[in-house]
Amino acid sequence: MHREDFPMLDQDIVYFDNAATTLKPKCVIDKMVDYYSNYGASAHRGDYDISYKVDQEYENTRELVKDFIHARFLEEIVFTSGDTEALNMIVRGFFENLLEPGDEVLITKSEHASNVLPWFSLAKKNGIQVNYIPLDDHYYVTLDNVKKAITPKTKVISLAYITNVIGDIRPMKEIIHFAHEHNIFVLLDAAQSVGHIKTDVQDLDVDFLVFSAHKMCGPTGVGVLYGKKELLETVEPLLLGGGMNESFDNEQAVYLKDLPTRLEAGTPNVAGVIGFGSAILYLNQIGLDTIADYEKELRTYLIDKLLAIPHLDIINLESDSGIVSFNVNGIFSQDVAYYLNKYNICVRAGNHCAKILKKEVGVANSLRISLYFYNTYEEIDALVELLSDKDKILKEML
Amino acid sequence: MDENVRREIILDHYQNPKNKESITDERYLKANTNNESCIDNIDLYVLIENDVIQDIKFQGEACAISTSSTSIMITNLIGKTLVEAREYIAHFEAMVNELAYDEAILKEGIVYSTIYKQNNRKTCALLPYKGMLKLLKQYDTLKK
């Protein structure tokens, strides 16, 4: 669908690495070029016309994000450099002040590094415990396993909505409901979900939610930190400087601005944020339900075809997202990726930043296909044909 | 070198690597070697006595080029003095970096003589050498 909107697809490539980053539609690129070409001033300096326009466009994206994830207040939307920065801001600016030695944070072994390492760091610093919710036979998180995993010490559950290797959509509404009954905060990493399935922070009742623009047709270098207003109020800014202070004097008295500006120190990624607004409008136009349905159909088609190839081991046979992880029997994943690259097919090989998953799955590295709405059945056919001939892979991978 | 022969040698060392086994013998020095930009990850174990490489083993998961290159390197280095080993490594690095080298010294190692054409695979071929140099340095330090 909508392939004509993506300049990158003018080249002869098959792009199957959408979980890493998505391609950008022309409207997003044009929007950023327009900013740089026609009103490239700084934000929050409304003393002259073009700067006023910057403010309007920048804040308009905030409005679009708010509606996109159905937040209640504009102040709940903070722009960051990406998902990773947002996660670090919450762990260090909020939970570091709140958690005490011995308090427990629950994650899983299929989390991305950005939802693991900040917690490890806090554990070292503050003596909190990082424990794992057990995954079931499909490497899924179930509400039952969450119930079994929590202890009186559990203060936070920090999970990806969709994981980047297994691609399972977690039953977050149920988990969050249960967590709140036990006074446990929930932090949701929506990087892999937000451009693929609908997000409703009020319906989920999630405390914090983070994501990156570049995984949903937007520019790189922009992310969002959503937090319930009353919680976000108490997040301590990690970065201090311009833009975020109200005033300060030589006696070191510092007064900070209100949310969300207080958490956006320095000149923001104005072009990126403005371009991101265009990406949201674009996705709204197509419709997330349409995207989700099409991805599901594509995935089913891909899985059926891959299952017919005897020398493939599929790691996540059953998952609802467009992520399929697998290996060619006896061939290192990176060699297969090199081979596919010779035919201009872009796939990811490796451990996909989920380095503690390997013990669970028993496979250190894998190939990953991650689909998006501009992928086609024909592209899958091309991939499947290349994968079906093992001798050809062995012959051409070097 | 004939392309088919080249491919056969590389694939043979990839699918049936020589000296790929774990070592618990404490006399062996151990080093891990990996590529930052990819997922190759190899542990090398080397036994050096009287400045002669008596044995080398390896473990790990890596691509066809890295694995075969490790297998070939080990085969060629066992029995060499440290001076000979450094010479071999220098010639191998020269070949990968398109400098002058001696084919006779490199033996089967010359299957990578055209690897420079694939820039992203040069590091794969060089991976075990990076680890070996680390081990030689480790040995020198211990000796001092």
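Note on naming: letters A, B, ... go to the chains in the order of the sequence lines (proteins, then strands), and numbering restarts at 1 for each one.
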Open item on the list: Could you report the tightest heavy-atom contact between A:Asp335 and B:Ile65, atom names first, then the distance?
Closed with: OD1-N, 4.5 Å

- [ ] Report, as yes or no, whether the 6.0 Å neighbourhood of atom NZ on A:Lys390 holds more than 12 heavy atoms from other residues, nucleotides or ligands.
- [x] yes

Task: Taking every non-hydrogen atom, the tightest pair across A:Leu398 and B:Arg7 - done: CD1-CG, 3.7 Å

Task: A:Gly330 to B:Tyr14 - nearest heavy-atom pair and separation - done: O-OH, 3.8 Å

TODO: Check each atom of B:Asn4 against the heavy atoms of chain A and say whether the ones under 4.5 Å are side chain, backbone, both or neither.
DONE: neither

Open item on the list: Please report the interatomic distance CG(B:Asp40) to CZ(A:Phe332), rounded to the nearest 0.5 Å.
Closed with: 5.0 Å

Open item on the list: If you count every heavy atom of other residues, nucleotides or ligands that lies below 6.0 Å from B:Asn16 atom CG, does the total exceed 12?
Closed with: yes

TODO: Would you indicate whether B:Asp25, at its atom CG, is surrounded by more than 12 heavy atoms from other residues, nucleotides or ligands within a distance under 6.0 Å?
DONE: yes

Open item on the list: Check this for me: B:Gln54, atom CD, are more than 12 non-hydrogen atoms of other residues, nucleotides or ligands nearer than 6.0 Å?
Closed with: yes

Open item on the list: Is it true that, when you exclude A:Lys124 itself, more than 12 heavy atoms of the residues, nucleotides or ligands shown sit nearer than 6.0 Å to its NZ?
Closed with: no

Open item on the list: Within the supplied structure, the quantity of interest is the number of heavy atoms (other residues, nucleotides, ligands) at a distance under 6.0 Å from A:Arg92 CZ; does it exceed 12?
Closed with: no

Task: Side chain, backbone, both or neither of B:Glu8 within contact of chain A (heavy atoms, under 4.5 Å) - done: neither

Task: Over all atoms of both residues, closest heavy-atom pair of B:Glu61 and A:Asn365 - done: OE1-ND2, 3.5 Å

Open item on the list: Could you report the tightest heavy-atom contact between B:Arg121 and A:Met397, atom names first, then the distance?
Closed with: NH1-O, 3.0 Å

